Number of protein chains: 2
Amino acid sequence: MSDLLERLRGRGWRMTAQRRVVAEVLDGDHVHLTADEVHARAADKLPEISRATVYNTLGELVSLGEILEVSTDHRAKRYDPNAHRPHHHLVCARCGAIRDVHPTGNPLTSLPDSERFGFTVEGVEVTYRGVCPSCAAA
Amino acid sequence: MSDLLERLRGRGWRMTAQRRVVAEVLDGDHVHLTADEVHARAADKLPEISRATVYNTLGELVSLGEILEVSTDHRAKRYDPNAHRPHHHLVCARCGAIRDVHPTGNPLTSLPDSERFGFTVEGVEVTYRGVCPSCAAA
DNA sequence: TCCTACAATGGACTCTGTCTAAGTCAAGTA
DNA sequence: TACTTGACTTAGACAGAGTCCATTGTAGGA
């Protein structure tokens with residue numbers, strides 16, 4: 001956390017109250033907030049923060065590789081502070097809850113050359129879908 | 001194709017000119033059109049078709065399991081008529097070209113119980129990202 | 001042919017996200 | 001500490017994708 005702020009400052013990132021609260025909101029495991037949710041939480045601490053600033057800051061954190069953009073549904077993008085350990089996502093089809101997961105093996109190797117159509121394959125995203133325990137109980 | 005129309009009629013789907021042209025537009029391999037593209041192509045054959053009708057029809061075809069919704073970028077959803085053979089997608093990071101691919105193995109088995117958080121896992125989507133031959137050459 | 005329930009229409013509306021012009025301020029300099 | 005400047009923030013307009021709804025049209029059964 002303050003690690004994050006230190007790293008950013010070290011990279012010459014100009015520190016402002018707005019950027020600090022956005023970075024603070026994005027902390028923890030299994031955190032996957034939409035831009036609007038980030039804005040709402042940031043506004044709790046800094047009421048006058050604008051939507052544009054939140055979007056700008058999120059965009060910069062993504063460019064810096066400090067957070068990841070995730071889109072598990074077909075709606076708003078979500079932002080995942082867990083950018084330093086590779087992982088995939090498990091999503092509840094009913095409530096949208098998201099967990100970070102670490103499958104075994106390397107999914108990249110499962111795509112044979114004959115299925116690559118001449119592409120240079122650089123990455124892979126895996127999204128597991130199912131029903132979470134709370135929704136299954138309900 | 002007319003298979004599709006036959007199947008739909010057999011399910012009691014009321015056939016209209018609009019539904020027919022939407023179904024006709026969605027035919028072929030490696031077809032991944034946005035709703036707007038479907039609308040544009042449908043309008044070539046039936047100029048007065050409305051956007052709302054295209055959205056309604058696409059939504060119904062998805063519910064019926066005849067086409068798949070795909071979102072490989074964070075923009076518009078795309079519709080994939082290849083719903084009857086399981087497959088995943090390979091996407092060019094530069095131009096957005098999409099190919100249907102068939103990885104080896106079953107990606108579902110790569111998620112150990114300890115990483116399932118009590119979820120009932122039902123499906124998995126895999127999106128490979130890379131650079132297509134034309135973009136690599138350019 | 002007539003009826004009626006279902007489908008299509010178009011326009012307003014919502015939700016996400018981007019852009020811009022003007023004002024503000026962090027941090028380096030003296 | 002005060003000054004300066006370019007980067008940051010703001011509010012609001014704008015744009016793209018998709019949904020909703022009241023009205024109009026029509027497929028297909030009687």
Side-chain angles (χ1 to χ4, degrees), chain A residues 5-6 8-26 32-64 66-80 96, chain B residues 5-6 8-26 32-64 66-80 96:
Chain A
L5 294 178
E6 275 317 304
L8 293 171
R9 199 187 290 274
R11 295 208 203 185
W13 212 52
R14 184 161 150 186
M15 190 52 58
T16 67
Q18 290 83 350
R19 289 173 166 197
R20 189 177 358 260
V21 299
V22 169
E24 282 170 3
V25 163
L26 287 166
H32 306 89
L33 299 172
T34 64
D36 252 23
E37 288 165 350
V38 172
H39 179 243
R41 298 192 186 195
D44 286 344
K45 303 181 179 185
L46 192 66
E48 58 285 348
I49 192 171
S50 79
R51 271 183 353 116
T53 297
V54 170
Y55 276 105
N56 289 340
T57 305
L58 290 172
E60 283 165 28
L61 290 171
V62 170
S63 302
L64 292 169
E66 295 291 347
I67 64 176
L68 297 175
E69 242 176 42
V70 179
S71 66
T72 54
D73 55 17
H74 304 270
R75 309 207 148 207
K77 295 179 202 169
R78 294 180 172 273
Y79 293 90
D80 182 344
Chain B
L5 293 179
E6 275 317 304
L8 293 171
R9 199 186 291 273
R11 295 210 203 184
W13 209 53
R14 182 161 150 185
M15 190 52 60
T16 67
Q18 290 83 350
R19 289 174 166 198
R20 189 178 358 260
V21 299
V22 169
E24 283 171 2
V25 163
L26 287 164
H32 306 90
L33 299 172
T34 63
D36 252 24
E37 288 164 350
V38 171
H39 178 243
R41 297 190 188 196
D44 285 345
K45 303 181 180 186
L46 193 64
E48 58 285 350
I49 193 171
S50 80
R51 273 184 352 115
T53 297
V54 170
Y55 277 105
N56 290 341
T57 305
L58 290 172
E60 283 166 29
L61 289 172
V62 170
S63 303
L64 292 169
E66 294 292 347
I67 64 175
L68 297 175
E69 241 176 43
V70 179
S71 67
T72 54
D73 55 18
H74 303 270
R75 312 210 145 203
K77 296 178 203 168
R78 292 179 174 274
Y79 294 89
D80 183 344

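This structure is a prediction, so every number in the text was calculated from the model and none was measured. The chains referred to below are lettered A, B, ... by the order of the sequence lines, with proteins before strands, and numbering in each begins at 1.
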Spatial distance of atom OG1 (B:Thr34) from atom OH (B:Tyr79) [nearest 0.5 Å]: 9.0 Å
Where protein sits on nucleotides 22-30 of chain C, one letter per nucleotide: B base, S sugar-phosphate only, - none, heavy atoms under 4.0 Å: ---BBS---
Set out, line by line, the N/O atom pairs under 3.5 Å between protein and nucleotides 14-18 of chain C.
unit_1: C:dG17; atom_1: OP1; unit_2: A:Lys77; atom_2: N; d: 2.8
unit_1: C:dG17; atom_1: OP2; unit_2: A:Tyr55; atom_2: OH; d: 3.2
unit_1: C:dG17; atom_1: N7; unit_2: A:Arg51; atom_2: NH1; d: 3.2
unit_1: C:dG17; atom_1: N7; unit_2: A:Arg51; atom_2: NH2; d: 3.3
unit_1: C:dG17; atom_1: O6; unit_2: A:Arg51; atom_2: NH2; d: 3.1
unit_1: C:dT18; atom_1: O4; unit_2: A:Arg51; atom_2: NH2; d: 3.3

What pair of heavy atoms forms the shortest contact from [X] to [Y], and how long is it?
X       : Y       : value
B:Ala35 : B:Val54 : O-CG1, 3.8 Å
B:Val25 : B:Ala42 : CG2-N, 3.8 Å
A:Val70 : B:His74 : C-CE1, 4.4 Å

B:Thr57 vs B:Val38 side-chain heavy atoms within contact, under 4.5 Å: no
Non-hydrogen side-chain atoms of A:Leu33 and A:Asp80 separated by less than 4.5 Å: no
Partner residues of A:His39 under the side chain to side chain donor-acceptor pair (under 3.5 Å) criterion, sequence neighbours left out: none
Toward the 5' end of DNA chain C, by each residue's nearest nucleotide, B:Gly12 or A:Asn56: B:Gly12
5' to 3' contact window, DNA chain D with chain B (heavy-atom distance under 4.0 Å): D:dA17 to D:dG28
Side chain A:Thr53, main chain A:Ile49, donor-acceptor under 3.5 Å: no
Salt bridge (charged side-chain N to carboxylate O under 4.0 Å, His left out) partners of B:Arg20, counting only residues at least two apart: none
So, [X] and [Y], do they make that salt bridge, N to O below 4.0 Å?
X       : Y       : result
B:Arg19 : B:Glu60 : yes
B:Arg11 : B:Glu66 : yes
B:Glu37 : B:Arg78 : yes

Proximity to DNA chain D (any heavy atom under 4.0 Å), residues of residues 37-50 of chain A only: A:Glu48, A:Ile49, A:Ser50
